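This structure is a prediction, so every number in the text was calculated from the model and none was measured. Residue indices begin at 1 and follow the sequence shown. Every heavy atom of this structure was used, including side-chain atoms; hydrogens, water molecules and symmetry mates were not.
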Amino acid sequence: MLGALFQSLRPRQWPKNLLVFAGLVFSLNLFNLTDLLRALAGFVVFCLLSGGVYLVNDLADVEKDRLHPLKRLRPIASGRLGVGAAKTAAVVVGVIGLAGSFALDWRFGLVGSAYFLLELAYSFRLKHLVVLDVMTVAAGFALRAVAGTVLVHVTLSSWLFVCTILFALFISLAKRRHELITLANGGAGHRAVLENYSETLLDQMMAVATSSSVIAYCLYTIAPETIAKFGTHNLMLTVPFVLYGVYRYLYLVYRKEMGGAPEQALLSDFPLLVDVLLWMASVVAVIYLKI
């Protein structure tokens with residue numbers, strides 16, 4: 001049962017919580033041991049908070065998940081994890097996560113609570129509202145980034161917020177598109193909001209989100225305040241990695257049908273993984289080593 005419980009916490013989704021480190025990196029505090037340890041603790045807290053939400057979501061969607069070709073294999077939907085045990089675990093994990101967030105910093109606790117409540121609202125209501133469903137998912141990503149800045153006591157960058165939410169919106173729309181195509185005519189039975197989407201509409205929305213996110217990142221790298229903050233013009237040299245990453249992910253979405261699991265795409269597609277690692281390394285090299 002412990003194995004099924006751990007799987008229900010979605011450890012494959014935990015890389016999303018690495019956004020907690022964004023504020024640490026871009027505030028030039030990566031090598032500040034105290035802030036690094038606080039960010040690590042914040043990452044663990046968000047893994048607990050998101051894990052608790054996933055348990056609640058699976059409990060709320062257990063019958064619908066059984067209609068999905070892949071989600072029917074989830075521990076609760078498949079019966080490997082009992083409903084009673086899952087409810088108890090959701091409460092315990094959620095309480096520990098919230099308590100841990102306030103123990104780190106009361107402001108971090110407020111952001112963590114806002115994230116937890118938003119995700120619960122998504123599980124029970126917002127995921128049924130067209131457009132608001134994907135925007136809520138994107139907001140969850142943005143709150144992770146916000147939490148990271150609060151934790152290390154730095155001012156939230158408007159660029160960080162905008163870039164995060166736009167990239168998250170792109171990934172969320174790709175996931176909706178994958179669900180729509182995978183479930184075909186039975187999609188509305190699994191997720192009612194899918195009847196309000198069409199493949200063409202999602203393609204257009206993805207195009208807007210993709211273009212906006214790339215443009216926002218490009219503008220960020222050449223903005224006067226960015227150059228003044230980091231003391232270099234060379235952050236623009238990281239743009240090709242972002243472009244390749246976006247194009248590679250679009251390739252995986254449209255040609256390999258991997259849009260339904262962004263974490264799987266990242267970990268299983270070697271070129272994309274290498275590109276992300278190279279982008280991270282180049283950012284650190286530019287803003288810390290002034291290369």
Side-chain angles (χ1 to χ4, degrees), residues 1-22 39-40 42-62 64-66 68-81 85-86 89-90 92-94 96-97 112 115-116 119-120 122-123 127 133-134 136-138 140-145 147-148 164 167-179 182-183 190-191 245 248-249 251-253 256-277 279-280:
M1 187 182 75
L2 289 178
L5 175 59
F6 183 72
Q7 184 181 346
S8 293
L9 296 177
R10 304 275 218 290
R12 286 180 173 270
Q13 303 281 355
W14 291 352
K16 297 176 182 178
N17 298 320
L18 291 173
L19 274 170
V20 171
F21 291 94
L40 284 170
F43 171 78
V44 172
V45 164
F46 262 85
C47 289
L48 290 171
L49 291 175
S50 60
V53 170
Y54 287 131
L55 280 168
V56 172
N57 184 70
D58 286 357
L59 285 165
D61 285 351
V62 60
K64 292 181 179 180
D65 284 350
R66 288 169 179 160
H68 193 283
L70 296 178
K71 293 182 180 180
R72 63 184 178 84
L73 301 176
R74 288 177 174 174
I76 300 176
S78 65
R80 290 186 291 119
L81 180 62
V92 171
V93 171
I96 293 176
Y115 165 82
F116 192 72
E119 294 301 313
L120 288 180
Y122 173 81
S123 296
K127 67 181 177 183
D133 59 330
V134 291
T136 302
V137 174
F141 279 85
L143 283 174
R144 289 173 170 95
T164 299
F167 274 113
L169 191 57
F170 161 49
I171 293 172
S172 301
L173 289 166
K175 189 170 184 177
R176 278 293 179 272
R177 183 183 185 279
H178 181 269
E179 289 177 337
T182 301
L183 297 172
H190 168 70
R191 193 184 292 276
R248 181 70 189 182
Y249 193 72
Y251 163 75
L252 295 176
V253 169
K256 299 296 183 179
E257 298 182 357
M258 296 178 67
E263 69 286 348
Q264 180 181 346
L266 174 62
L267 297 176
S268 63
D269 186 71
F270 185 71
L272 180 60
L273 179 59
V274 170
D275 178 73
V276 171
L277 293 175
W279 171 76
M280 294 170 63

H178 (side chain) donor-acceptor with E257 (main chain) under 3.5 angstrom:
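Looks like yes, one N/O pair under 3.5 Å.
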
Sub-3.5 Å donor-acceptor pair from the side chain of W14 to the main-chain atoms of S50, do we have one?
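Looks like no, no N/O pair under 3.5 Å.
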
Got a salt bridge between D269 and R248, using NZ or NE/NH1/NH2 to carboxylate O under 4.0 Å?
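R248 and D269: salt-bridged.
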
Are R10 and D58 close enough for a salt bridge, meaning some N to O gap below 4.0 Å?
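A salt bridge is present here (some side-chain N lies under 4.0 Å from a carboxylate O).
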
Which residue in the set V53, N57, V56, V137 passes side chain to side chain contact (heavy atoms under 4.5 Å, CB included) when paired with E119?
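Of all the options given, the one that passes is V53.
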
What distance separates [X] [atom1] from [Y] [atom2], expressed to the nearest 0.5 Å?
| X | Y | atom1 | atom2 | result |
| --- | --- | --- | --- | --- |
| F43 | L18 | CZ | CG | 5.0 Å |
| L266 | I171 | CG | CD1 | 9.0 Å |
| M258 | K175 | CE | NZ | 13.5 Å |

Which atom pair, heavy atoms only, marks the closest approach of [X] to [Y]?
| X | Y | result |
| --- | --- | --- |
| L272 | A265 | CD2-O, 3.9 Å |
| A138 | A168 | CA-CB, 3.7 Å |
| G94 | L49 | O-CD2, 4.2 Å |
| L5 | A89 | CD1-CB, 3.5 Å |
| L40 | F21 | CD2-CZ, 3.5 Å |
| G52 | V93 | N-CG1, 3.8 Å |

Parallel, tilted or perpendicular, judged at 30° and 60°: which one describes the rings of F46 and Y115?
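Ring orientation of F46 relative to Y115: tilted.
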
Parallel under 30°, tilted from 30 to 60°, perpendicular over 60°: which one fits the rings of F170 and Y249?
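If you compare the ring of F170 with that of Y249, the planes turn out perpendicular.
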
Would D133 and Y122 satisfy side-chain contact (heavy atoms from CB on, under 4.5 Å), going step by step from the backbone distance to the final call?
CA-CA 7 Å; D133 59 330; Y122 173 81; 4.3 Å; yes

Evaluate side-chain contact (heavy atoms from CB on, under 4.5 Å) for L143 paired with L19, printing each intermediate quantity in order.
CA-CA 9 Å; L143 283 174; L19 274 170; over 6 Å; no

Does F141 have R144 sitting over its ring (NZ/CZ under 6.0 Å from centre, angle to axis within 45°)?
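Positive - R144 is close enough to the ring of F141 and near enough to its axis.
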
